[in-house]
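Everything numeric here is computed off the predicted structure, so don't read it as measured data.
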Amino acid sequence: MTLPIVHHPDYDAQFSADHRFPMSKYARLIKVLRDKGLARPDNEHRPDLPGFDMLARAHAGDYVQAVLDCTVPRPIEREIGFPVDARVSRRAQLASAGTLLAARLALDHGLACNAAGGSHHARRAQGAGFCTFNDVAVAALALLAEGAISRALVVDLDVHQGDGTAEILMGDSRVFTFSMHAAKNYPLRKAVSDLDVALDDGIEDEAYLAELARMLPLIADHAKPQIVFYNAGVDPHRDDRLGRLALSDEGLRARDRAVIGYFRERNIPVCGVIGGGYSKDVDALAARHAILFETAAEFA
Ligand SMILES: [Zn+2]
């Protein structure tokens with residue numbers, strides 16, 4: 001089987017090149033995946049717009065409507081980090097639909113990745129931290145509502161805590177949220193996941209991977225998931241502008257292999273999303289995000 005990859009050209013909302021958020025990484029990533037032969041016409045899938053109801057399972061109705069209408073209040077736009085115009089709104093909707101599509105493909109094929117997603121700072125009532133809609137929460141709640149699954153696990157290894165995901169899914173015993181992140185990084189006020197591991201600054205490959213290996217059996221036993229949503233943010237990399245950790249490229253690869261391998265060996269479907277990654281060097285950044293797809297393809 002080849003790895004199903006979900007992508008939409010409008011994942012890129014076309015910010016200026018000097019914007020703090022490296023928007024061009026989405027277009028660059030899919031180009032890298034196509035150049036490597038990982039994304040081809042026969043395994044690339046394109047999401048449709050999700051509609052209000054699907055988004056409103058994870059988010060407050062008035063916030064969803066404000067994003068769809070591009071009338072998000074200025075203070076919330078400031079917390080998100082950019083104005084929610086038509087392109088940003090469309091991109092946020094498509095990224096959520098893309099993670100849901102990847103999750104469906106994962107249920108069918110065992111493994112699939114969205115070449116976007118991991119907008120884990122978006123909370124129920126508003127977006128924050130470059131995140132407009134919480135695609136993983138949207139997708140998990142959609143599959144639960146349909147009865148496609150009854151239990152899910154979120155493994156969030158982006159360097160920032162998955163505070164929005166934790167908040168939206170808090171009290172929902174069907175979804176176990178796990179976040180391993182840099183203790184001193186954004187967000188200042190952490191939410192409470194089902195399990196949080198807060199790491200010291202500067203941790204390197206070996207110690208990071210040892211901690212991850214210790215956690216995987218714990219979370220798997222607690223969650224007993226029928227699908228895993230894996231946020232493979234590359235901002236724990238030592239060259240990341242916003243990370244505080246010190247993983248290498250090979251450390252990220254070993255991390256992805258550890259997570260995907262653990263669950264695939266147990267025949268549990270895995271839906272990968274790319275999460276955060278911040279660098280002025282978009283080629284380096286796209287290459288880092290491609291590691292998830294290269295690694296997933298080994299298991300597909
Ligand atoms: Zn991050």
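Under a cut-off of 6.0 angstrom, the local environment of CD in E211 is crowded, with over 12 non-hydrogen atoms contributed by other residues, nucleotides or ligands. Within a 6.0 Å radius of CG in D283, more than 12 heavy atoms belonging to other residues, nucleotides or ligands are found. Annotation for R74: atom CZ does not count as buried by contact number, only 12 or fewer foreign heavy atoms lying within 6.0 Å. Atom CD of E146 has more than 12 neighbouring heavy atoms from other residues, nucleotides or ligands inside a 6.0 Å radius. Within a 6.0 Å sphere centred on CZ of R241, other residues, nucleotides and ligands contribute more than 12 heavy atoms.
At least one cation-pi condition fails for K224 and F176: the charged atom is not both under 6.0 angstrom from the six-membered ring centre and inside a 45 degree cone around its axis.
The hydrophobic cluster containing I274 does not contain Y186, counting ILVMFWY residues as joined when their side-chain heavy atoms lie under 4.5 angstrom apart, directly or transitively. In terms of hydrophobic clustering, with Ile, Leu, Val, Met, Phe, Trp and Tyr side chains grouped at heavy-atom distances under 4.5 Å, M170 and V197 are assigned to different clusters. V273 and V32 fall into different hydrophobic clusters, defined by Ile, Leu, Val, Met, Phe, Trp and Tyr side-chain heavy atoms under 4.5 Å apart, directly or through other members. No continuous path of ILVMFWY side-chain contacts below 4.5 Å connects V282 to F130, so the two sit in separate hydrophobic clusters. Each of V192 and V175 belongs to its own hydrophobic cluster when Ile, Leu, Val, Met, Phe, Trp and Tyr are linked at side-chain heavy-atom distances under 4.5 angstrom.
Between I227 and L143, the closest side-chain pair of non-hydrogen atoms falls below 4.5 Å. Residues L107 and R104 are not in side-chain contact: their nearest non-hydrogen atoms beyond the backbone lie 4.5 Å or more apart. Using a 4.5 Å heavy-atom threshold, the side chains of V259 and L212 count as touching. Using a 4.5 Å heavy-atom cutoff, the side chains of V6 and Y11 are in contact. V159 places none of its side-chain heavy atoms less than 4.5 Å from the side chain of R244. Between T165 and N231, the closest side-chain pair of non-hydrogen atoms is not below 4.5 Å. For the pair R46/P9, a side-chain contact is recorded, criterion being any heavy-atom separation below 4.5 Å from C-beta on. Looking only at side-chain heavy atoms (C-beta outward), I291 and R255 stay at 4.5 Å or farther from each other.
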Self-check item: Derivation and outcome, side chain to side chain contact (heavy atoms under 4.5 Å, CB included), residues V270 and R264
Solution: CA-CA 7 Å; V270 176; R264 292 309 299 136; 4.2 Å; yes
Exercise. Run the numbers on D172 and L141 for side chain to side chain contact (heavy atoms under 4.5 Å, CB included), then give the verdict.
Key: CA-CA 10 Å; D172 190 332; L141 292 171; 3.8 Å; yes
Practice problem: Give the C-alpha distance, both sets of side-chain angles, the deciding distance and a yes or no for salt bridge (Lys or Arg N to Asp or Glu O under 4.0 Å) between E298 and R253. | Solution: CA-CA 11 Å; E298 294 171 13; R253 195 178 301 278; 5.2 Å; no
Practice problem: Determine, stepwise, if the pair D196 / K190 fulfils side chain to side chain contact (heavy atoms under 4.5 Å, CB included). | Solution: CA-CA 10 Å; D196 286 295; K190 308 285 190 283; over 6 Å; no
Practice problem: Go through D35 and K31 one step at a time and tell me if the salt bridge (Lys or Arg N to Asp or Glu O under 4.0 Å) criterion holds. | Solution: CA-CA 6 Å; D35 288 349; K31 183 177 184 320; 2.8 Å; yes
Quiz item: Checking side chain to side chain contact (heavy atoms under 4.5 Å, CB included) for the pair Y262/V228: CA distance, chi angles, key distance, verdict?
Solution: CA-CA 11 Å; Y262 186 90; V228 175; over 6 Å; no
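Minimum interatomic distance between A116 and A95 (heavy atoms only, all atoms of both residues): CB-CB, 4.4 Å. Scanning both residues, A220 and F263, for their nearest heavy atoms gives CB-CE2, 3.9 Å. Of all heavy-atom pairs spanning A106 and A112, the tightest one is N-CB, 3.8 Å. In this structure, I168 and A122 approach most closely via the heavy-atom pair CD1-O, 3.4 Å. Closest approach of S89 to C70, counting heavy atoms only: CB-SG, 4.0 Å. The two residues L38 and A297 have their closest heavy-atom pair at CD2-CB, 3.6 Å.
Separating the NZ atom in K36 from the CZ atom in F293 is a distance of 12.0 Å, to the nearest 0.5 Å. Separating the CD atom in E44 from the CD1 atom in I5 is a distance of 7.0 Å, to the nearest 0.5 Å. One distance of note links CG of D156 with NE2 of H120; it measures 5.5 Å at 0.5 Å rounding. For the atom pair R288 CZ and D239 CG, the distance stands at 5.0 Å (nearest 0.5 Å). Between atom CG of residue L144 and atom CD1 of residue I149 there is a gap of 4.0 Å, rounded to the nearest 0.5 Å. Rounded to the nearest 0.5 Å, atoms CG (D62) and CG (D69) are 11.0 Å apart.
Under the 3.5 Å distance criterion, the side-chain polar atoms of Q226 are matched with a main-chain donor or acceptor of R151. Using modelled atom types, no side-chain atom of D235 and backbone atom of L242 make a donor-acceptor pair closer than 3.5 Å. With hydrogens and angles ignored, the 3.5 Å screen pairs a side-chain donor or acceptor of D135 with a backbone N or O of S119. Side-chain N or O atoms of E77 include one that pairs as donor or acceptor with a backbone N or O of V84 at under 3.5 Å. Without hydrogens or angle criteria, D240 side chain to Y278 main chain gives a donor-acceptor distance under 3.5 Å. Between the side chain of N185 and the backbone N or O of Q161 there is no donor-acceptor pair closer than 3.5 Å. Between the side chain of D163 and the backbone N or O of R189 there is no donor-acceptor pair closer than 3.5 Å.
Side chains of H237 and D249: a donor-acceptor N/O pair is present below 3.5 angstrom, by distance only. Under 3.5 Å, the side chains of D281 and S279 contain no donor-acceptor pair of N or O atoms.
Aromatic rings of F178 and H222 (six-membered ring for Trp) have centroids beyond the 6.0 Å cut-off, not under it.
Using a cutoff of 4.0 Å between basic side-chain nitrogens and carboxylate oxygens, D85 and R87 are not scored as salt-bridged. Salt bridge status for E79 with R123: present, with a side-chain N to carboxylate O gap under 4.0 Å.
Exactly one residue among L3, L29, I260 makes a side chain to side chain contact (heavy atoms under 4.5 Å, CB included) with L292. That residue is I260. Just one of D194, I268, I219 meets the side chain to side chain contact (heavy atoms under 4.5 Å, CB included) condition when paired with L153; it is I219.
Ring geometry for H59 against F133 counts as tilted: the plane angle lies between 30° and 60°, on a 0 to 90° scale. Ring pair F82/F15 is perpendicular by interplanar angle, where above 60° counts as perpendicular and below 30° as parallel. Taking the six-membered ring where tryptophan is involved, the planes of Y26 and F21 are essentially parallel, since the angle between them stays under 30° and well short of 60°.
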